[in-house]
2 protein chains.
Amino acid sequence: MVRARSEERRADILRAALEVIAERGYRGASLGSVAERVGLTQQGLLHYFPTKEALLVAVLEERDRWDTSGGRDREGWRLDLLESLVEYNAMRPGIVQTFSALLGESVTDGHPAREFFTERYALVRANMAQVLRLEFGDRLPSGLSPERAAPLLTAVMDGLQYQWLLDPAAVDMPAAFRDFLRLLHGGEPRP
Amino acid sequence: MVRARSEERRADILRAALEVIAERGYRGASLGSVAERVGLTQQGLLHYFPTKEALLVAVLEERDRWDTSGGRDREGWRLDLLESLVEYNAMRPGIVQTFSALLGESVTDGHPAREFFTERYALVRANMAQVLRLEFGDRLPSGLSPERAAPLLTAVMDGLQYQWLLDPAAVDMPAAFRDFLRLLHGGEPRP
DNA sequence: ACCCAGTTACCTGTAAATCGGTAGGTGATG
DNA sequence: CATCACCTACCGATTTACAGGTAACTGGGT
């Protein structure tokens, strides 16, 4: 059972890394602080992930595995599921904070997560376009094509997250997102 | 003229700091690298700004002075001016990158720019609401109130910036923003 | 015109901490 | 006995910041 124990440790480490990155960002997250949170020395942590960058990559990969499995299975989104995703995120500030901080850092030069995020966003936009096409066909009520609306949908989700993280009391993220969906639907109140 | 020389140096330092922060973020920007870019030692830089945080605050304050003076004078925005602001930003990736990186970092715990950004966004949302009210009155064509639409408008601008910074070729930021404005206008093509 | 006292604008030197990472062990497990 | 999990002991680089010095310039009195 040494194998299972090891996998468990790895999972613990990734969870701790997620927390520390949320608090300090990637650059500010030291291996030592992550290790301490798991009850390991920094060198003990390096036994599982040989470099800091390897740890980051593992964190990102896990996130990817997580949100391509839960509910979405490849291309299974629908607009109303997006709505509940936003509601779900509104209850998990930790995870949202981690990836918002990481996204922000990633636009700096030579950041190890940069490639990950550019590829990810290309994929997300493609997914969003597909979702919109499934909901509206080739033209939204506004006349926009799904491909043109996809970046906007993505931008709204991200942008709202930042405003919400900075001041949760000032921004009702799920409600604002619903407002945007209503906008996409042509603006009239829904039943 | 010792006074003028000093002010000039300060301005140089702020400009260099802006660059370095764009490249490395605040946490990644060392005093030494900023100083080197101005042709100073790190200790020479500390003569002008006693701590790293003081330098950051000065950078943020300058930005605030800059974009509350140029064109906006307190409350003078209109929607079409926002459009050209986005176009202007699309030609200034450096500045956009600085403040996107800073915004991302600021959501981490105890970040020195956090308060600045929360206050700033409260103000921006209020401004946006006013702009929208000036354009549409108390109800947008979609039925949304200006106060509800303001966070969305803000979110779109920020979110688009991230996508654009990550992959400028994949996202036409000004065009996407115009798409969103059309959405606000009720969706019909404009003359 | 000249000197002197004070301020400004830096520099060198260094303290003190923290960083990611390597080397080489040790003890438990299989 | 071999492997795995993890530790101690380091290392060199880098970080912010403090101390203290120095040269240039300032304005005011003589």
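Convention: sequence-line order gives letters A, B, ...; per-chain numbering from 1. The analysis underlying the following values was restricted to heavy atoms, covering all of them including side chains, and did not include hydrogens, waters or symmetry mates.
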Determine the interplanar angle of the Phe99(B) and Phe117(B) rings, folded into 0 to 90°, and report it as parallel if under 30°, tilted if 30 to 60°, perpendicular if over 60°.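 Phe99(B) and Phe117(B): perpendicular rings.
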To the nearest Å, how far apart are [X] [atom1] and [N] [atom2]?
| X | N | atom1 | atom2 | answer |
| --- | --- | --- | --- | --- |
| Phe49(B) | dC18(D) | CZ | C1' | 19 Å |
| Arg10(B) | dC10(C) | CZ | C1' | 15 Å |
| Gln42(B) | dA17(D) | CD | P | 8 Å |
| Leu31(A) | dC7(D) | CG | P | 14 Å |
| Leu56(B) | dT16(D) | CG | C1' | 15 Å |
| Tyr48(B) | dC11(C) | OH | P | 9 Å |
| Arg27(A) | dT16(D) | CZ | P | 13 Å |
| Glu53(B) | dT16(D) | CD | P | 13 Å |

Would you call Glu23(B) and Arg37(B) a salt bridge, taking side-chain N to carboxylate O under 4.0 Å as the test? yes
Please answer whether the main-chain N or O of Glu87(A) pairs with a side-chain N or O of Ser84(A) as donor and acceptor at a distance below 3.5 Å.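 Checked: no pair found.
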If only atom types and distance count, is the side chain of Gln97(B) paired as donor or acceptor with the main-chain N or O of Ala22(B) below 3.5 Å? yes
Check every strand shown and say whether Ala29(A) touches a base, only sugar-phosphate, or nothing at a heavy-atom separation below 4.0 Å.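 Sugar-phosphate: the residue Ala29(A), judged by heavy atoms under 4.0 Å, touches backbone atoms but no base.
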With a 4.0 Å cut-off on heavy atoms, is Leu46(B) in touch with a base, just the backbone sugar-phosphate, or nothing at all? base
Phosphate OP1/OP2 of [N]: any [X] side-chain N/O under 4.0 Å:
| X | N | answer |
| --- | --- | --- |
| Thr41(A) | dC7(D) | yes |
| Ser30(A) | dT18(C) | no |
| Arg9(B) | dC10(C) | yes |

Check: Tyr162(B) ring centre within less than 6.0 Å of Tyr162(A) ring centre: yes
Nearest-nucleotide wise, let me know which of Gln43(A) and His47(A) is further upstream toward the 5' end of DNA chain D.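 Here His47(A) is the residue nearer the 5' end.
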Atom pairs and distances, donor-acceptor, side-chain atoms in residues 46-54 of chain B, under 3.5 Å, two or more places apart:
| unit_1 | atom_1 | unit_2 | atom_2 | d |
| --- | --- | --- | --- | --- |
| Thr51(B) | OG1 | Glu53(B) | N | 3.4 |
| Thr51(B) | OG1 | Ala54(B) | N | 3.0 |
| Lys52(B) | NZ | Tyr26(B) | O | 2.9 |
| Lys52(B) | NZ | Ala29(B) | O | 3.0 |

Go through dG21(C), dT16(D), dC7(D) for me and flag the one nearest to the Leu40(A) side chain. dC7(D)
Net bend of the helix from dA1(C)-dT30(D) to dG30(C)-dC1(D), end axes of five pairs each, nearest 10 degrees: 10°
Below 4.5 Å, heavy atoms only, C-beta onward: do Met157(B) and Thr154(B) meet side chain to side chain? no
